[in-house]
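Naming: A, B, ... by sequence-line order, numbering from 1 per chain.
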Amino acid sequence: MTLQTPLHDRHIELGARMVDFGGWDMPLQYGSQLEEHHTVRRDAGMFDVSHMRAVDVEGPRSGDFLRRLLANDVGRLTAPGKALYSCLLNDDGRVLDDLIVYFRGPDRYRLVVNAGTADKDLAWIGAQAPASGIGIRPRGDLGIVAVQGPQARARVAGLLAPAAAARAAALAPFFATDLDLLGAEAFAARTGYTGEDGYELMVPGSQLRALWDALLAAGVRPCGLGARDTLRLEAGMNLYGNDMDERTTPLESGLAWTVSLEPGRDFIGRRALEAQLAAGVPRKLVGVLLLDKGVLRSHQKVYAGPAGEGETTSGSYSPTLERSIALARVPAATGAEVEVDIRGKRLRARVVRPPFVRHGKAQIPL
Amino acid sequence: MSSQIPAELRYTASHEWVRKNPDGTLTIGITDHAQHALGDLVFAETPEAGRTLAAGEACAVVESVKAASDVYSPVAGTVIEGNAGLGDAPEKINTDPYGEGWLWKLKPADAGAVGGLLDAAGYERAIADAAE
């Protein structure tokens, strides 16, 4: 059975074309996917991401538990509200999911995990957790709206009373705070998945529609998962299930920077990652810019000359660059130029370092 | 939703349209319904002049932001030209699917083959049936 967010009927009213995503019936686009993409790069757009699962992890042993559970080190979170991106690994160092963990205060953390993996994650987390001293509470009662774009924060500020507006204005990137939003107790995080500034706003599901409609009235454009995918790809952000999964480690997924290998912390998957590092990481995830005409898609073969062969993991037309871009997993020795097989033709492509776009601007030479 | 289905054209159930030109050649493209379903088009690959096509042969590709879709030749024949104008402006397929967004021109192997294609009413029914 297909799951629906509290905004499902509203999406239909707004003319959305719906699509199944991770078991949820979600908006793919409301009108032109390109226009939705450009709106986020140039102004402000919003996404219903209530399919993602917030999970509160609290209690005296929560910090120690998360330091063992996650590949990145929540011990680095000392300032209340600070967020951290991390992989959740299995014992083989393969990626079960990627998530954001927010440090809400001593012994209080909130994780946000992907929709399609939420049940698997919760089973894994529950199995690893100590029997006492910790509470793990999935927050299916919360709805999440991501408001993204150069004007996103200003539009949200317009909905806030002075005290809350001051809290929001003081929020640094990758920090979150509790605040009053239209009479609802909200959790506002200056995070996102687009490469633009903005917030991810969590409110009780019953209040989600009021928030959505207030944002709509403030001129924030509804955007679907189609635009969300091209925005995150331009931003060089991995999509779980495409760019990494249970067959890959973070080291071969462009995510070594999220693995904290400081001595003295025994996290799940650590030994496997250290063994891979010692043996040499055989593959790497790179950005690819197509030089010939065409459109890169996932699962296209990449020819890296004497280094061997690889495969694109995500690919699309980049609306900002007006070129085609991809992420690709290729042999570690891959050089600056590759060829990609598109319908039997080998097209020329350049290997680049993501992100492709940040804050509306190209980050790679075209 | 309603889409334009010009009465003077012929159609296929796979959403190609065919126009009979006065010189006996055919102009082929994808329908308004198809371009709308595909969304913003960002790339088109059309067949090269001189290529011989069988009826139903996949010979062009249109790609939206989301996905690539094959386009099939409605009838057999020889390609006269592909629409080079789409190389830099594939969005013409969205904005003018029956005009500047044409894909290729064909010299049909059998001048009568077009008569076997759907007329506008038949295509409209085909869309309605598919939507049920």
Side-chain angles (χ1 to χ4, degrees), chain A residues 12 15-21 26-41 223-234 239 242 290-300 312 314-326 340-345 347, chain B residues 1-4 15 30-49 51 53 56-73 79 81-97 101 103-104 127 130-132:
Chain A
I12 305 285
R17 184 178 301 177
M18 306 297 283
V19 66
D20 179 88
F21 185 84
M26 299 300 290
L28 176 66
Q29 63 198 83
Y30 299 83
S32 160
Q33 184 178 326
L34 286 177
E35 287 174 18
E36 291 171 16
H37 179 107
H38 291 313
T39 298
V40 172
R41 287 274 177 256
C223 299
L225 293 182
R228 188 170 165 83
D229 192 51
T230 50
L231 288 159
R232 71 90 194 167
L233 180 60
E234 286 186 344
L239 172 63
N242 273 42
L290 189 63
L291 300 175
D292 290 325
K293 289 216 170 206
V295 185
L296 296 166
R297 307 286 181 188
S298 56
H299 304 302
Q300 290 169 336
T312 55
S314 289
S316 180
Y317 173 78
S318 161
T320 305
L321 304 180
E322 298 183 319
R323 302 282 287 275
S324 187
I325 60 172
V340 182
D341 182 299
I342 301 183
R343 291 185 292 276
K345 284 185 203 159
L347 303 185
Chain B
M1 94 203 57
S2 67
S3 57
Q4 288 182 40
H15 309 292
I30 65 168
T31 65
D32 186 40
H33 175 81
Q35 70 77 17
H36 194 271
L38 292 168
D40 300 303
L41 291 167
V42 294
F43 178 75
E45 191 174 278
T46 56
E48 288 178 12
R51 180 171 162 188
L53 301 176
E57 182 175 344
C59 61
V61 176
V62 290
E63 300 209 31
S64 69
V65 184
K66 293 191 289 282
S69 303
D70 287 320
V71 185
Y72 305 94
S73 190
V79 176
E81 67 170 314
N83 184 356
L86 298 177
D88 290 321
E91 68 275 10
K92 285 178 180 170
I93 301 169
N94 291 118
T95 57
D96 191 10
L103 293 176
W104 73 93
I127 296 174
E132 276 172 16

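Without hydrogens or angle criteria, A:E36 side chain to A:G224 main chain gives a donor-acceptor distance under 3.5 Å. Side-chain atoms of A:T312 come within 3.5 Å of backbone atoms of A:Q300 as a donor-acceptor pair (strictly under, hydrogens ignored). Panel note: side chain B:D40, backbone A:L34; a donor-acceptor pair is recorded below 3.5 Å.
Each of B:L41, B:V62, B:L38 was compared with B:N94 under the side-chain contact (heavy atoms from CB on, under 4.5 Å) criterion, and only B:L41 meets it.
The residue among B:A68, B:A67, B:G87 with the most heavy atom pairs within less than 4.5 Å of chain A is B:A67.
Interface residue A:T230: only side-chain heavy atoms are found under 4.5 Å from chain B. For chain B, the nearby part of A:Q29 is the side chain; its heavy atoms alone come within less than 4.5 Å. Neither the backbone nor the side chain of B:A44 comes within less than 4.5 Å of any heavy atom of chain A.
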